[in-house]
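As the structure is a prediction and not an experimental result, all values here were calculated from the model. Counting starts at 1 for both ligands and their atoms, in listed order.
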Amino acid sequence: MKADLAQESITSLKGVGKATAEALQELGISTWEDVLFTFPTRHEDFRLKDLTLTDHNERVTVEGRVESEPTILFMGKKSRLQVKILTGRHLIKAVFFNQPYLKSKLIPGEIVTISGKWDKGRQVIQASNHQMGPRTDTHDFEPVYALRGRVTQKVFRRILAQIFEQVSTQLVDPLPESVREPYRLPELYEALKAIHFPEDEMLTKNARRRFVYEELLQFQLKMQALKKFRKEASVGQTVTYDPLVVNQFVASLPYQLTGAQTRATEEILRDLRAPFQMNRLLQGDVGSGKTVVAAIALVAAFSAGLQGALMAPTEILAEQHANSFFDWLEPFGMKVALLTGSTKTKARRLILEGLASGDIHVVIGTHALIQPDVQFKQLGVVVTDEQHRFGVEQRRVLKTKGLEPDVLFMTATPIPRTLAITAFGEMDVTILDEMPAGRKPIETYWMKEQQVPALLQRLRKELDAGRQAYVICPLIEESDKLELQNVLEIYHQLQQFYEPVFKVDLMHGKLPSDEKDLVMRRFADNESHILVSTTVVEVGVNVPNATFMMIFDAERFGLAQLHQLRGRVGRGEHQSYCVLIADPKTEVGKERMQSMTETTDGFVLAEKDLELRGPGDFFGRKQSGMPEFKIADLVHDYRALQTAREDAEKLVESHHFWHSEEWRWYRGQLEASGIIDGGRID
Ligand code: ADP
Ligand code: MG
């Protein structure tokens, strides 16, 4: 479209006065272009349809003859009116709720047009719209826009039609034919026409497909260009690791890598070899075996003469990792150190010296790793575990300690692929979507509060067998006093019930952090047997002997969080159980509990959560980094998003994209958003 016309103000249109213009501006619409690219949220279809071709519960409009006197039933102020209608060869019933006045209007023998939901089994249309007489309205397939205030659907459509008429001959499609053609996407003019002035359902669907793809492609081009430029700008190093050493390490493990672990390893090694900085997110469900993948990366760095660091969010996790890494790495001549807040002064000094001289090859630690006096000789690879627990700033500080080290972020929060691609669009994402063989799936049950006493008896059996248990109470806001009382109450009750035979311990966010570590340690060492806790226990803790988990008020947690919590059990050889105590009031709540009992696949649950709660809510609150789309819907247009991402990845690597005429408009968009600056990086 000619730029001047596109930017033309809506006030230049006939019939758009000051008040209408202001109302439109409130909707974010001020230019002609804004109007043209305000897409309908849905289309309403009032065209006549053959009932034999209509599915159960589908909306339908039929024209027919009234065949009976309407009958009416009153229930208090409510009423239900029913009448027989002959449409084509179908004798059906139409039901009208709360419109008693229709009794005198629906006269046998007369023609009526009704729209509503078709109940195929009972042959009933639940009418939501009707018109006496045969269908006359020609606008029977209409777009519906998300509008407010004085801008009605009618007003908006009139404005649209005016603009469309004037610009139609001047529309230039920015989306190159070379992309439209293979996907059979309609050209801009045709697409705008089909979506705003629909006639044929297929054409309208295709038009939507085009705009969805276009929007996602534009978004992905930004992401991919950003990623490309960051990589090129980073003074990354080529980690020339020794494949023999890496293979030996893998062969020394007591198990075979899963297919997913092998794929992840290959991707990471490829990043290490490449002359740019690795910036990769390794996502894998709890227990999918991320730690060993991180170890392989550190071994590779070592074989290239570089140091490695692994940062964990808590001391206990850092210790657990350190224990595994001592066992794994020392046989390969690697010196491993643990550095946390509680490392004694003298030991700390020695470690700092070792890191500065290069005598220590791998350091595992907490935030203690990012103190200013911690210096490395040559840091090659940095791994951060449970990366969402770290602030961006902390990660940045750690990175600056080396000469642009390669960075691997690990997280056990299964983020639906759709969101991972968008939220982490400028990161590379690897997904471990396969569990090590031989795991016993956790058995999950959903119970009501009344069943708790019986459950406590069942738990005693587990304890008698030497196992341990978590009891989780919701503490959604750490400051919530009432919630804390709740945890304390349950803690005291369990103490009464099980002590002194079994020791019950308490953990919550209000405890000082060294106290938290002590409590965790007692549990890990089997000195306490039941851990009553709020959700602070969620992060990566590994107590394989814990086989039983009870979650109170489970309906108050999101699926992703429930899954994280559940992942604390089922980590050893014994069969594990998770019991959700919940009394959800809503259908969605019930569906959530049901899903938990049906699957232990975190990605399936994450997708389900996304579907039930919507992308905005997925992370608990609106995620600032989440893009908002005008037409694309991350849940339903997931495939399009994937395609757009793949296409964008190829495009930003092609000479053609950066130099050809057909992609000029898109380059302009990148420039406008500050991602490129005359071909150079911003
Ligand atoms: P997470 O991804 O949650 O960090 P871990 O790395 O802690 O998982 O691994 C969970 C458990 O699975 C550990 O006990 C680990 O030794 C074991 N494990 C990892 N990879 C494999 C494998 N390929 N085969 C068998 N067991 C494995
Ligand atoms: Mg882990």
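- Tested against V452 for a side chain to side chain contact (heavy atoms under 4.5 Å, CB included), the candidates L459, I581, V579, I490 yield a single pass: I581.
- A donor-acceptor contact shorter than 3.5 Å links the side chain of Q261 to the backbone of G289.
- Per-residue contacts place V286 under 4.0 angstrom from the following atoms of ligand 1 (heavy atoms of the residue considered): 3 (O).
- Crowding of K335 atom NZ: a count of heavy atoms from other residues, nucleotides or ligands under 6.0 Å not exceeding 12.
- For atom 1 (P) of ligand 1, the nearest non-hydrogen atom from the set K290, Q256, Q320 comes from K290.
- The closest approach between any non-hydrogen atom of G284 and ligand 1 is not below 4.0 Å.
- Counting only distance, with no hydrogens or angles, the side chain of D242 and the backbone of S303 share no donor-acceptor pair below 3.5 Å.
- Remark: ligand 1 atoms within the under-4.0 Å shell around heavy atoms of L257 are 23 (N).
- Taking the centre of each ring, Y470 and F523 come in below the 6.0 Å mark.
- At a 4.0 Å heavy-atom cut-off, ligand 1 does not touch D385 at all.
- Checked against a 6.0 Å centroid threshold, the rings of F249 and F332 count as neighbours.
- Proximity to D285 (heavy-atom distance under 4.0 Å) selects the following atoms of ligand 1: 2 (O).
- Some N or O of G289 is nearer than 3.5 Å to an N or O of ligand 1, by distance alone.
- Of all the atoms in ligand 1, the ones that sit under 4.0 Å from a non-hydrogen atom of T291 are 4 (O), 5 (P), 6 (O), 7 (O).
- Here Y445 pairs with nothing under the ring pair (Phe, Tyr, Trp, His ring centres under 6.0 Å) rule; sequence neighbours left out.
- The atoms of ligand 1 that sit less than 4.0 Å from any heavy atom of T258 are 23 (N).
- For G287, a nitrogen or oxygen atom sits less than 3.5 Å from a nitrogen or oxygen atom of ligand 1, counting backbone and side chain alike.
- No heavy atom of V293 sits closer than 4.0 Å to any atom of ligand 1.
- Checking side-chain atoms of S576 against main-chain N and O of G570 turns up a donor-acceptor pair under 3.5 Å.
- Short contacts between ligand 1 and S288, defined as distances under 4.0 Å to a heavy atom of the residue, involve ligand atoms 2 (O), 8 (O).
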